[in-house]
Structure formats: structure tokens, C-alpha cells
Amino acid sequence: MAISVSVQSEDFDVGVEVRALSIAGVGAVASFVGRVRESQSGLFAMTLEHYPGMTERALHEIAVEAESRWPIAAVRIVHRVGRLLPGEQIVFVGVSGPHRGEAFAACEFVMDYLKTRAPFWKKEEDANGAHWVDARETDDTAAARWQR
Amino acid sequence: MAISVSVQSEDFDVGVEVRALSIAGVGAVASFVGRVRESQSGLFAMTLEHYPGMTERALHEIAVEAESRWPIAAVRIVHRVGRLLPGEQIVFVGVSGPHRGEAFAACEFVMDYLKTRAPFWKKEEDANGAHWVDARETDDTAAARWQR
Amino acid sequence: MKVQVLFFASLREALGTAGETLEVGEGCDVAAARALLAARRGEWQRLASPRIRAAVNQALVAEAHGLAEGDELAFFPPVTGG
Amino acid sequence: MKVQVLFFASLREALGTAGETLEVGEGCDVAAARALLAARRGEWQRLASPRIRAAVNQALVAEAHGLAEGDELAFFPPVTGG
């Protein structure tokens, strides 16, 4: 099983990431891209803070947990940090494997866990100034469904 | 809602497709790539036949059905036809929307329905000659779970 | 009346033709057209299998679907795309 | 013994510091270290909230987790990545 995790300020190329996951024996690549919404509420920018070291470790553990649950071939996680503008990409999660059902499930699992377990914090800037984003209850609910 | 369907012999670029789905208001892009496995069984190539006209129509109807079930922003389906070699991409399905749960569900729904509803047929070539692929029961089962 | 019949994939190869113009009686439905073709024996009996699906004017239909002059009637095995 | 304490995001901003070296007694657990800091009053009382999570040596831990000399003890609000 190949696991690759990057926490970086630079943007990523989805085409390159999906190609890298397309290794021998892989029939399916499920992937997800999260981006900064161009919202009507007038968001100027968002800044992502993380806990260097623990973040990479948490993401790696989530990928290991995914591979222990599904027969998959590779997991790739890229998460950006720093200041991002509306329309910019935030996160890429890609999972490849022999079959699509497992690739989809593992990809969604990694995203759900990442949202509630990986130490990242978002601060949004709009016309009223800057404020830290509150954790959403829907994310905890999404992660809870994988409990066994 | 933006729906775009292509049935083509040319390859596609996942990066370009995901970028095209990343329109205003979109926070999530879920996508899937199916490819010809480099199998141990010694597959030389696969040829995809389709029913011109009906195929495009069926894919468009599946996308419309997906948008009627989930609040999503755009659906893109690209399916290749003709002769493909191991490692080549076969199909791209991408769904974008405000939130990830709906984008994932709609993307998986489109793939499951495509597998059982869109008129494509695979013929595989190996050392024993060429033979048509049998429909897999797991695909029917995957599609059946969306029945309501 | 006349309908345009099409065959795809393994069925097309077994029959050795991609299709033909078929003369059917008024009130003919998909099941009757299917039986007419299957009655030719040999490989044509493949059409008698319920695994062979039918579409009229590019939409999947039930066996009781009535045909009209100029309809496009397609028969094909279970699909295997994606 | 000494532990290295870290604060992140809104907690870091409210406290006006990213961390400090803290002297704690032998047998001190996360809950005790948390209470020691929260006792400073003002913004430090934020640490008394169960919404503020704790990690030791970069792994989430329970409040009863015992600390050892040189441990890295981090406090932070619920995460909001992805």
C-alpha cells in the first residue's frame, strides 16, 4: 500500500495527483477536491493554520486506517496551509484500488476523518474583519458513521 | 445546473475536467476515473462498443436524475469508446456542489447507473483471443441500492 | 409496417449483421418482433433470452411496448461500460 | 518536571502566545496541567472548556493521560480543516 501525505502552501495539480495514483492493478480512482467557495457573504480570503508534525502524523494515521478497512492500492492526501483566496483549492484526497466501491468509501472516509481529526484551523476574512471558523456539527456526524 | 456529456475515442485530462466543474459557489468536487487494469491475466487490449445516440441520451438522463436527488451544481461525464490498452483511462465522472456529502453520493450514483444503464459493451483481448465481457452482478446490486 | 432493427456487441457478431429493416404487422409489440426474429433458428434463438434487452427509439422499453411505423428497435446484451 | 506547552488558532490568539515551558509536579496529568493554566484567570479560563482538546507528543489523549518530563502538551479548539 502506498500512502503519501503533503501539507503545503503551494497549489496542487489534480491531473498529476490522479495520474500518480493510477498504478498497476488499479481499475478505479476516486478523488475529492475541496475549495474556497466564492460565497455571496463576501469572503475576502481564508487562512489555514496547522500543527506542524501532528498534522502530517494524523493524516498518515487516517490513511493507514482506510487501508486497514478496504482493499485499496494507494492513498494520497494534499492539504494546503496559509492564506487562500476564493476559488483556490484547499484539499485533495485520492484513493485508488481494484474496484470503485471500495475506492469511493475509503475516499469519503478519509475526508470525514480529516475534517474532525486533523489539526487544521480556518480563519475567514470578510468586510467585518477576521474570525475563526467554528467546527460544524455535520462534520462530527459524518465521521461518527464510520465508528464500528 | 450544468450537465455535460461526451462519448469519445480520445483520452481526457482529469485536471481540466475538475477545473471546469469548479464554478462559483462550489466547495466540493467529487470525481471518479475508471481505467483498464494491467491485470496478471494478461489482457492485451479492450474494445468498447456503444449505441450512438442512445448512449449520450442515457448518460444525460442519469445526470438529470442525479441533480433531481441532490443539491449539486454540475455533472460531467466522459466515456471513451474504441480500442484501449492496459493503463488507459476509460471513464470520468465528476460532480461539484456546495458540500461534499452530496457531491460524493451523486458521483457514486452516476457511476452505478452508468454501469447498468448506459449502452456500452466491452470486448477483451488476451492470449486466448477476444471475448465479450459478461455483465457483473455486483454492478446490478450497486445500482439497486439507489432504488426508492 | 416497417421498423429499423439494430443489434449490438456479442449479439451483432453472432448474427453477422448490425441490423435490418423488418416488416411487422399492425399492433406488433416488442415481444412479437422478438419472437419473429428468434423463429429464424440458429444464432437467432439468442433473441429469445430475457437477457437480451430491447430499446425503442433509444429508450429501454417493456416487452409489451407497441411498435409504430419507422421505429428504431434495438436488441443488445447486458451493458458492461464504465 | 518541565513540559513544553503549545496553543493553536483562536486559543493562541486569545492568550497572546504560541506556548511556554511549564513546571508541573510529578504525577501530573493533562487535567491537572489544564487546571493549572486555567487558574490564571482572564482569557486563560478558556482552557477550562471541554471544547479545548489536548494532545501529548502530537497524539490526542484523554484528560487522565499522565505527563512525563519533556512532553509536548498542546491545547487547541475543535479542528476545521478540509
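Below, each value reflects all heavy atoms present in this structure, side chains not excepted, and no hydrogens, waters or symmetry copies. A, B, ... follow the sequence lines: proteins, then strands. Residue 1 opens every chain. Bear in mind that the values here come from a model prediction, so they are computed numbers and not experimental data.
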Exercise for the section: Heavy-atom pairs under 4.5 Å with chain A are the metric here; pick the option from B/Ala24, B/Pro98, B/Ser31, B/Pro86 that has the most. Expected result: B/Ser31

Exercise for the section: Find the one option among A/Ala30, A/Ser22, A/Gly15, A/Ala28 whose heavy-atom pairs under 4.5 Å with chain B are most numerous. Expected result: A/Ser22

Exercise for the section: Please flag which part of B/Ala142 lies under 4.5 Å from any non-hydrogen atom of chain A: side chain, backbone, both or neither. Expected result: side chain

Handout entry: pair A/Arg37-B/His99: side-chain heavy atoms closer than 4.5 Å
Key = yes

Practice task
Against chain A, work out which of B/Val36, B/Asp112, B/Val91 has the most heavy-atom pairs shorter than 4.5 Å and name it.
Solution key: B/Asp112

Practice task
Determine whether A/Val26 and B/Arg35 make a side-chain contact, defined as any pair of heavy atoms from C-beta on separated by less than 4.5 Å.
Solution key: yes

Problem - Distance flag, aromatic centroids of B/Phe104 and A/Phe104, threshold under 6.0 Å - result: no

Problem - Heavy-atom contact with chain B under 4.5 Å, split by part of A/Val33 - result: both

Handout entry: Donor-acceptor contact below 3.5 Å, side chain A/Arg100 vs main chain B/Gly34
Key = no

Practice task
Sort B/Ile90 into side chain, backbone, both or neither according to what part of it lies under 4.5 angstrom from a heavy atom of chain A.
Solution key: neither

Exercise for the section: Find the one option among A/Gly87, A/Ala103, A/Gly101, A/Cys107 whose heavy-atom pairs under 4.5 Å with chain B are most numerous. Expected result: A/Cys107

